Amino acid sequence: MKRITGIVFFIILFTGWLTSKQMAITLDDLPFAYSPGLSEQARFSYFYRILDILDQYEIQTAGFVVGEQVSPRRYQCLLDFHNRGHIIANHTFSHPDLNNLSAGDFSEDIIKCNQVIEEFYNEVKYFRYPMLHRGNSIEKRDSVYDFLHRQGFIIASVSIDNDEYAFNKAYLDTLTYGDTAAADSIGEEYLAYMISISNYYDSLALELTGREINHILLLHMNYLNSVYLDDLIELLMKDGWEFLPFSEAIQDSVYLLPDNYIGTRGISWLERIQ
Ligand SMILES: [Zn+2]
């Protein structure tokens with residue numbers, strides 16, 4: 001009996017190891033995402049607080065830069081982000097919505113961002129679409145795909161899409177009114193929501209591909225995460241998630257599957273390959 005229990009235990013351990021949930025964390029809208037009411041000093045503080053949390057957990061991420069937001073002073077943030085082992089990547093110059101723009105104008109905006117961050121590029125350069133909008137017609141979508149391919153970009157797809165930005169906005173709004181109790185409850189809701197949405201996309205990936213994939217989580221370089229990122233990482237780990245560098249996660253072949261979606265919505269890569 002003891003032996004059978006031991007074998008069962010081993011099998012559970014073994015399959016658990018085989019099916020561990022893996023994700024990379026990525027941060028959009030560097031240097032600072034939506035942060036009205038915060039002084040420049042407060043923005044710098046929250047930026048470095050997030051970097052410290054990533055250091056503490058030894059998590060390597062990629063940060064997607066909006067070129068026009070980079071003043072000479074803010075450039076230091078990018079330098080430090082890069083020097084602490086993270087990847088600096090292109091998120092356009094002016095964060096335009098591809099639904100409202102031609103492929104040509106959109107491509108020029110990407111080139112313009114290159115001029116701000118190209119000293120950070122290694123042998124590989126990554127691009128992420130603002131709002132995850134990849135084009136509302138086949139022609140537009142494929143024309144930008146061709147452009148990115150010719151320019152040598154790898155598209156930084158997102159498997160775990162979410163409404164974290166809305167929690168950040170609500171959190172900052174309540175702090176503006178001085179309602180710290182309400183802010184705390186938004187923070188708690190945010191954490192529970194992120195665990196649930198991560199598992200939702202993990203189930204979707206299993207259903208679509210029949211295996212665990214290397215997930216890519218979209219977060220923003222925002223104030224909310226400077227307060228909650230360490231709690232979020234702890235809760236995800238308790239829930240069985242492990243973290244891997246973005247540069248590894250993006251090599252999962254799931255991100256090379258054909259894109260079957262045409263439309264205006266910004267959605268997870270998993271919803272595009274359905
Ligand atoms: Zn963005």
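None of the values given here were measured: they were computed from a predicted structure. Counting starts at 1 for both ligands and their atoms, in listed order. Hydrogens, waters and symmetry mates play no part in the numbers below; they use all other heavy atoms, side chains included.
- Cluster annotation: Leu27 and Tyr165 are assigned to distinct hydrophobic clusters (Ile/Leu/Val/Met/Phe/Trp/Tyr, side-chain heavy-atom contacts under 4.5 Å, transitive).
- In this structure, the ring of Tyr75 has its center less than 6.0 angstrom from the ring center of Phe120.
- In His95, the N, O or S atom that comes nearest to the Zn ion (ligand 1) is NE2.
- Ring pair Tyr228/Tyr171: centre-to-centre distance below 6.0 Å.
- Looking at Asp29, its N, O or S atom nearest to the Zn ion (ligand 1) turns out to be OD1.
- Among the atoms of Asp28, no N, O or S atom falls under 2.8 Å of the Zn ion (ligand 1).
- Because the distance cut-off is set at 2.8 Å, His91 qualifies as a neighbour of the Zn ion (ligand 1) through one of its N, O or S atoms.
- Rounding to the nearest 0.5 Å gives a distance of 14.0 Å between OH of Tyr129 and NE2 of His95.
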